[in-house]
Protein chains: 2
Amino acid sequence: MTTIRDVARRAGVSVATAARALGDYGYTSPRTRQRVLRAARALDYHPNAIARSMIKGRTQTLAVVVSDNANPFFASVVRGIEDAVLGQGYAIILCNADEDPAKEALYLRAIRQKRVDGLVISPSGGPGGLLRGLMASGIPIVQVDRRLARLPADAVVVDNRAGVRAAIEHLVRLGHRRIGLLGGPRRLYTGRERLQAYLAAMREARLPVADGWVLEGTFKEASGHALVGRFLRLRRRPTAIVVANNLMTIGALLALKEAGVRIPEEMAVVGFDDMDWAPILTPPLTAIAQPARDLGAAAGVLLLERVTGAFAGRPRTVVLQPRLVVRESCGTRAAPSWAYTEQESRGPTA
Amino acid sequence: MTTIRDVARRAGVSVATAARALGDYGYTSPRTRQRVLRAARALDYHPNAIARSMIKGRTQTLAVVVSDNANPFFASVVRGIEDAVLGQGYAIILCNADEDPAKEALYLRAIRQKRVDGLVISPSGGPGGLLRGLMASGIPIVQVDRRLARLPADAVVVDNRAGVRAAIEHLVRLGHRRIGLLGGPRRLYTGRERLQAYLAAMREARLPVADGWVLEGTFKEASGHALVGRFLRLRRRPTAIVVANNLMTIGALLALKEAGVRIPEEMAVVGFDDMDWAPILTPPLTAIAQPARDLGAAAGVLLLERVTGAFAGRPRTVVLQPRLVVRESCGTRAAPSWAYTEQESRGPTA
DNA sequence: CGCCGTTAGGAGAACGTTATCACATTCCCC
DNA sequence: GGGGAATGTGATAACGTTCTCCTAACGGCG
């Protein structure tokens with residue numbers, strides 16, 4: 001590997017001069033500058049970023065920790081982060097923690113040793129001791145999608161409450177009163193948040209939540225697939241379900257299809273997180289669209305402000321609004337007749 | 001940031017001794033070892049990987065260049081790579097080149113400066129001069145999904161020919177004789193490969209390829225959406241189309257839905273690349289499943305062998321087999337009657 | 001008692017860059 | 001023509017590790 005020393009030698013100058021010419025600082029006469037540049041080109045010189053990091057104390061590298069990059073939601077978030085930081089010359093180290101504290105810890109240790117300039121993380125839960133340690137060591141952290149209870153770091157999240165509320169209001173407007181939730185792990189921020197939003201929205205709508213209408217899944221496809229059966233076996237089964245994330249929605253829809261349950265006639269479905277393929281389903285899926293890419297981009301911007309020192313105040317929280325994309329999986333706008341054929345504890349006018 | 005120097009001081013030993021104790025090499029008495037370890041813990045010492053890289057000439061970091069991590073196929077590939085290398089202690093720098101040579105070049109330059117230990121790339125095309133430069137500088141490269149014509153580097157690809165052939169044979173078996181291709185950019189390896197496979201398979205099946213039956217898209221959803229119209233406006237339109245990647249399949253299906261074209265009665269569809277959501281479509285989508293994650297994992301393994309020096313022979317090529325997942329978007333197994341109502345140039349027995 | 005092998009630990013060079021300081025020139029102005 | 005600023009360049013010290021040499025103490029053995 002050719003070093004600046006080789007370049008200097010070939011240009012007939014000292015290392016210091018070569019560095020000035022290449023680094024574009026200090027005095028250099030145009031003539032020597034040219035000579036150095038020519039030599040560098042001739043030798044195909046590429047400065048060693050490791051050595052530079054050593055000296056500058058900055059690596060121009062950011063780390064991103066998500067649970068799984070193969071989940072389209074996180075893939076988009078990562079993409080958004082990258083878009084935001086590429087222009088400023090930062091590269092991204094991608095870490096998939098799989099909601100596994102051990103794996104997350106492993107990655108955080110590596111991240112710390114690599115002296116990354118900053119970190120965007122969608123924390124899996126846990127006490128966050130390692131994150132606190134990272135912060136103490138001076139590495140700025142931005143949380144995305146999820147946040148830890150008492151971690152004094154910036155955060156970019158989506159307004160889960162508003163999203164779930166919009167979905168439930170939509171269902172209610174269409175005449176649904178028996179609405180179930182296929183939720184996520186309570187261990188995770190998004191799982192908890194969406195569950196509480198569901199409970200609050202149901203309360204607001206003065207709708208009862210019967211036993212078995214709230215299920216706790218794993219945010220994975222298999223769990224959506226497995227749990228739908230429980231809804232179907234219920235004596236008083238919900239006429240509509242809200243599924244708390246994209247993967248579980250796939251599983252749930254598959255299970256409903258296998259069971260021959262018609263959507264929305266026998267079961268209305270609204271998914272959290274809109275996907276490319278939502279419109280091509282039959283019926284097209286009504287979904288709570290999360291601005292995943294913007295989420296990432298915002299996180300990237302906040303992080304950059306910290307990294308460059310442009311901002312050094314107290315932790316900030318950015319809340320992005322989701323958007324209910326109404327398609328056809330909850331029924332037509334007019335309230336379906338069947339919704340009123342059964343006696344509910346409260347009539348429509350109550 | 002605490003350094004090994006601080007640890008040594010606190011333990012009352014020299015830097016050399018501290019290094020031996022922490023690095024687990026050379027002689028150290030159990031007692032001093034304990035003292036050093038305790039000091040390191042007390043000071044929350046995390047070795048500086050930058051400095052270590054400097055000395056060792058290895059960064060324990062790999063780079064991955066794909067066109068777009070937000071495309072589920074590449075997201076899975078990346079995931080596969082990560083799975084393969086995490087165990088060996090390597091981190092991954094993710095680069096989205098967007099098929100943009102300038103962006104790719106930008107990243108390759110950064111990668112080179114960062115002295116990454118190896119590179120997995122899904123090359124966008126172009127002359128590959130930069131890649132050759134990287135190789136010349138001693139960085140092992142593995143190509144994945146796509147490959148450059150004359151680049152002497154390992155490659156892991158899918159058997160595109162076999163995949164397309166299986167799809168077309170399947171269609172033929174179901175009675176289709178007018179089969180179109182919604183292809184990808186000829187500029188890209190996969191685009192070319194799948195086009196040629198289509199042509200070869202049609203020739204083998206002794207089926208004609210009429211004007212307008214072969215379209216060149218961009219591998220993006222919008223292009224699938226836009227181009228389907230061309231098929232539909234054709235006087236002699238195909239009864240079946242093969243769509244050359246996942247994103248274009250979504251666009252195509254959406255356009256067909258909007259146009260009210262029934263699948264498979266009016267148009268059979270088989271997509272390249274199976275997706276999670278393929279089974280929940282109506283009808284469920286028949287697709288050529290690519291082992292995306294395995295593709296990545298294999299690339300990771302090959303790269304690791306190069307990086308560690310376990311293998312140093314001539315460039316290898318791993319070809320993974322795709323699998324046709326038959327669902328219902330091409331019609332039932334029994335040849336549909338309508339397929340024979342029109343006169344073809346060649347009868348079924350010819 | 002001297003020699004040698006073993007055990008333990010320290011000094012210091014190296015990795016490749018950046019950046020500070022010092023040292024020359026040259027030039028200008030009073 | 002001399003002092004001082006402006007201009008150009010070189011020497012060299014960092015940055016934090018790793019690792020090769022050295023040195024020293026000690027015990028065993030001839």
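Residue numbers begin at 1 in each chain, while the letters A, B, ... track the order of the sequences.
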Quick check for you: among dA14(D), dT18(D), dT20(D), whose closest atom lies nearest to any side-chain atom of Ile55(A)?
dA14(D)

Answer yes or no: does a side-chain N or O of Thr17(A) lie under 4.0 Å from OP1 or OP2 of dG10(D)?
yes

Does dT17(C) have OP1 or OP2 under 4.0 Å away from a side-chain N or O of Ser53(A)?
no

Between dA14(D) (P) and Asn48(B) (CG): distance, integer Å:
18 Å

Arg58(B), CZ: over 12 other non-hydrogen atoms inside 6.0 angstrom:
yes

Rounded distance (Å) that lies between atom C1' of dT18(D) and atom CG of Leu22(B)
12 Å

Rounded to whole Å, please give me the gap between CE in Met54(B) and P in dT17(C).
7 Å

Residues Asp68(B), Lys220(B): salt bridge by 4.0 Å N-O rule
no

Looking only at side-chain N and O atoms, does Arg147(A) offer a donor or acceptor that is under 3.5 Å from a partner on Thr317(A)?
yes

For atom CZ of Arg31(A) and atom P of dT7(D), their distance in whole Å
18 Å

Ignoring backbone atoms, establish whether Ser14(B) has a side-chain N or O less than 4.0 Å from OP1 or OP2 of dG10(C).
yes

note: Lys56(B), atom NZ; dA13(C), atom P; distance rounded to Å ~ 21 Å

Considering only dA11(D), dT18(C), dT18(D), which nucleotide approaches the side chain of Ile4(A) most closely?
dT18(C)

Quick one: Arg58(B) CZ to dT18(D) P, roughly how many Å, whole number?
15 Å

Among dG10(C), dT17(D), dT18(D), find the nucleotide with the atom closest to the side chain of Ala51(B).
dT17(D)

Would you indicate, yes or no, if dG9(C) has its OP1 or OP2 atom less than 4.0 angstrom from a side-chain nitrogen or oxygen of Thr32(B)?
yes

Strictly by modelled atom types, are Thr61(B) and Lys114(A) linked by a side-chain donor-acceptor pair under 3.5 Å?
yes

Of the listed nucleotides (dG10(D), dT18(D), dT18(C)), which one gets closest to any side-chain atom of Val15(B)?
dT18(D)

Answer yes or no: side-chain N or O of Tyr25(A) and base N or O of dA19(C) forming a donor-acceptor pair under 3.5 Å.
yes

Going by heavy atoms in the side chains, are Arg52(B) and Gln113(A) under 4.5 Å from each other?
yes

Is a donor-acceptor pair below 3.5 Å formed from side chain Arg20(B) to base dG9(C), judging by atom type as modelled?
yes

Can you check the Arg9(A) CZ to dG16(C) P distance for me, whole Å?
12 Å

Are Glu305(B) and Arg316(B) close enough for a salt bridge, meaning some N to O gap below 4.0 Å?
yes

Of the listed nucleotides dT17(D), dT17(C), dG9(C), the one nearest the side chain of Arg5(B):
dT17(D)

Is the distance from OP1 or OP2 of dT7(C) to the nearest side-chain N or O of Ser29(B) less than 4.0 Å?
no

Rounded to the Å, how far apart are His46(B) NE2 and dG16(D) P?
16 Å

Check if the side chain of Arg115(A) and the base of dG16(D) share a donor-acceptor pair of N or O atoms closer than 3.5 Å.
no

Between dG10(D), dT7(C), dG8(D), which one does the side chain of Tyr27(B) approach most closely?
dT7(C)

Regarding the side chain of Val13(A), the nearest nucleotide among dT9(D), dT18(D), dG10(D) is dG10(D)

Any idea which of dT17(C), dG16(C), dT17(D) is nearest the Arg52(B) side chain?
dT17(D)

